[in-house]
Amino acid sequence: MIIAANQQLSADDFGSFAMNGRFAPVIFKTMVESQEIFAYPSRKELNFEIKLRNETIEASYALQASGVSFATFYYSQCNDYYWTLTGDGGFELKPGIQSSEAIRDIFVNGEAYAFECATAMMIIFYKALIETIPKERFNEVFQHLYLWDWQNHPFFPLRNVPRVGSGIPGDVRYFKNPDVSPQTPQWQGENAVDLSNGQFYGHGIGIMPADQIIAELNKYRRPNAMVSAFLMNNATRPNYLALSALADGTQMDGIRIAAGTSFYTF
């Protein structure tokens, strides 16, 4: 269910949101038909979410085609023109580098990069935001990027939403492998973007339906394992309303954050 400006929308209202990308129709339809309630002060914020979800899916396809590699944090690699590789396997933006250009480089020079699946999800989210808001605003806000896990992203707030059912295209879902082999702990689970039409993108696994991702994870279970990998019922989502306000120029004052080896006060 979608409510914008205190008005419930129906599938017939899609025309107002069609400009938000090739996946906008399925995103809007799925939201309208969902048991979840998506509420917005106005249609502007709904437009923003549909656009950002569309660009999340587009970025997933682009990362799959980029030539990047999967690696555990210990074996992470990056282009040292844009990034400093930290001791814990994170990428810290170098001084004087525009953050939008550094993110785009991952998609252009993918062979220079190797990272873990949670890092991949944040790279996808950042690329999606670059395509959704003005580049100048992105560079103004994200001057001190640090790519590692889900951590150190104070200006890109995330929400963990329980019980999402079939979810919404653009969600990041988690496939859990509870009987993973101790020899391959990196396959204890897989973060994957819902691409719509039953397809998911997982870094290191690729694009495939949920049952195939489960089959791949099951290859890495302990001997005599009894429990199959499965798709969990929660989703990780950007805080779309907060990001929409940020895109409009909302100031965020007095925040001190850690980014890699450095600290910054805003």
Side-chain angles (χ1 to χ4, degrees), residues 53 55-79 83 85-86 88-92 102-103 105-107 109-129 145-153 156 158-161 164 167 169-196 198-221 228-238 260:
R53 283 183 177 275
E55 296 303 333
T56 299
I57 299 171
E58 295 283 11
S60 300
Y61 281 105
L63 195 62
Q64 168 70 2
S66 69
V68 298
S69 299
F70 174 85
T72 59
F73 291 119
Y74 184 80
Y75 295 103
S76 294
Q77 299 176 30
C78 59
N79 185 344
W83 307 95
L85 182 63
T86 63
D88 55 7
F91 307 158
E92 185 169 5
I103 292 292
D105 184 69
I106 301 171
F107 293 81
N109 296 305
E111 295 83 359
Y113 292 86
F115 41 80
E116 197 262 2
C117 65
T119 307
M121 297 300 105
M122 289 309 308
I123 289 168
I124 287 169
F125 279 148
Y126 280 123
K127 174 65 159 57
L129 190 61
L145 276 184
Y146 180 62
L147 305 178
W148 186 61
D149 200 341
W150 299 104
Q151 311 302 316
N152 295 297
H153 305 284
F156 202 114
L158 299 172
R159 300 169 56 235
N160 190 287
V161 183
V164 297
D171 282 350
V172 173
R173 306 294 299 275
Y174 189 69
F175 292 81
K176 186 176 178 63
N177 190 12
D179 271 354
V180 65
S181 168
Q183 304 301 316
T184 55
Q186 66 271 30
W187 295 109
Q188 64 187 294
E190 181 74 9
N191 295 291
V193 178
D194 182 342
L195 303 177
S196 77
Q199 298 291 307
F200 293 83
Y201 167 70
H203 177 57
I205 282 184
I207 295 173
M208 59 186 67
D211 58 349
Q212 290 187 26
I213 293 179
I214 290 170
E216 286 295 313
L217 291 174
N218 281 343
K219 295 176 182 179
Y220 301 99
R221 290 183 295 171
S228 171
F230 63 95
L231 174 61
M232 296 185 69
N233 198 30
N234 63 306
T236 299
R237 296 171 177 167

Could you walk me through whether Thr236 and Asn191 pass side chain to side chain contact (heavy atoms under 4.5 Å, CB included), step by step? CA-CA 9 Å; Thr236 299; Asn191 295 291; 5.8 Å; no
Judged by atom type as modelled, is there a donor-acceptor pair below 3.5 Å linking the side chain of Asn177 to the main-chain atoms of Leu217? yes
Measure across Gly204 and Phe70 and return the closest heavy-atom pair with its distance rounded to 0.1 Å. CA-CB, 3.8 Å
So which of Val164, Leu158, Thr56 actually passes side chain to side chain contact (heavy atoms under 4.5 Å, CB included) with Arg237? Val164
Separation of Ile207 CD1 from Ile213 CD1 (nearest 0.5 Å): 10.0 Å
Shortest non-hydrogen contact from Ala59 toward Phe107: O-CE2, 3.4 Å
From CD (Gln64) to CD1 (Ile205), nearest 0.5 Å: 11.0 Å
Show me, pair by pair, the donor-acceptor contacts under 3.5 angstrom made by side chains of residues 118-128, not counting sequence neighbours?
| residue | atom | partner | partner atom | Å |
| --- | --- | --- | --- | --- |
| Thr119 | OG1 | Trp148 | O | 2.3 |
| Tyr126 | OH | His153 | ND1 | 2.7 |
| Lys127 | NZ | Glu131 | OE2 | 3.3 |

For a quick test of reading the model, state the closest non-hydrogen atom pair linking Gly189 to Tyr174 and the distance between them. CA-OH, 3.1 Å
Answer whether the closest heavy-atom distance between the side chains of Val172 and Trp150 falls below 4.5 Å. yes
Contact check, side chains of Trp187 and Ser181, non-hydrogen atoms, under 4.5 Å: no
Exercise: identify the closest heavy-atom pair between Arg173 and Ala235: CD-CB, 3.8 Å
Sequence neighbours excluded, which residues qualify as side-chain hydrogen bond (donor to acceptor under 3.5 Å, both in side chains) partners of Glu216? Lys219
Rounded to the nearest 0.5 Å, how far apart are CG of Asn79 and CG of Asp105? 4.5 Å
How many angstroms lie between atom CZ of Phe200 and atom CD of Gln212, to the nearest 0.5 angstrom? 12.0 Å
Is a donor on one side and an acceptor on the other found under 3.5 Å between the side chain of Arg53 and the backbone of Pro169? yes
Carefully, step by step, assess Ser66 and Ile106 under the rule side chain to side chain contact (heavy atoms under 4.5 Å, CB included). CA-CA 8 Å; Ser66 69; Ile106 301 171; 5.7 Å; no
Rounded at 0.5 Å granularity, tell me how far CG in Asn160 sits from CE in Met232. 8.0 Å
Any idea which heavy atoms bring Gly90 and Tyr146 closest together, and the distance? CA-OH, 3.6 Å
Is a side-chain N or O of His203 found less than 3.5 angstrom from the main chain of Phe115, in a donor-acceptor match? yes
Test side-chain hydrogen bond (donor to acceptor under 3.5 Å, both in side chains) applied to Thr72 - qualifying residues, sequence neighbours left out: none
Give the C-alpha distance, both sets of side-chain angles, the deciding distance and a yes or no for side chain to side chain contact (heavy atoms under 4.5 Å, CB included) between Ile57 and Tyr201. CA-CA 9 Å; Ile57 299 171; Tyr201 167 70; over 6 Å; no
What pair of heavy atoms forms the shortest contact from Ser76 to Leu85, and how long is it? O-CD2, 3.4 Å
Contact check, side chains of Asp194 and Gln199, non-hydrogen atoms, under 4.5 Å: no
Between the CG atom in Asn218 and the CZ atom in Phe175, the distance rounded to the nearest 0.5 Å is 11.5 Å
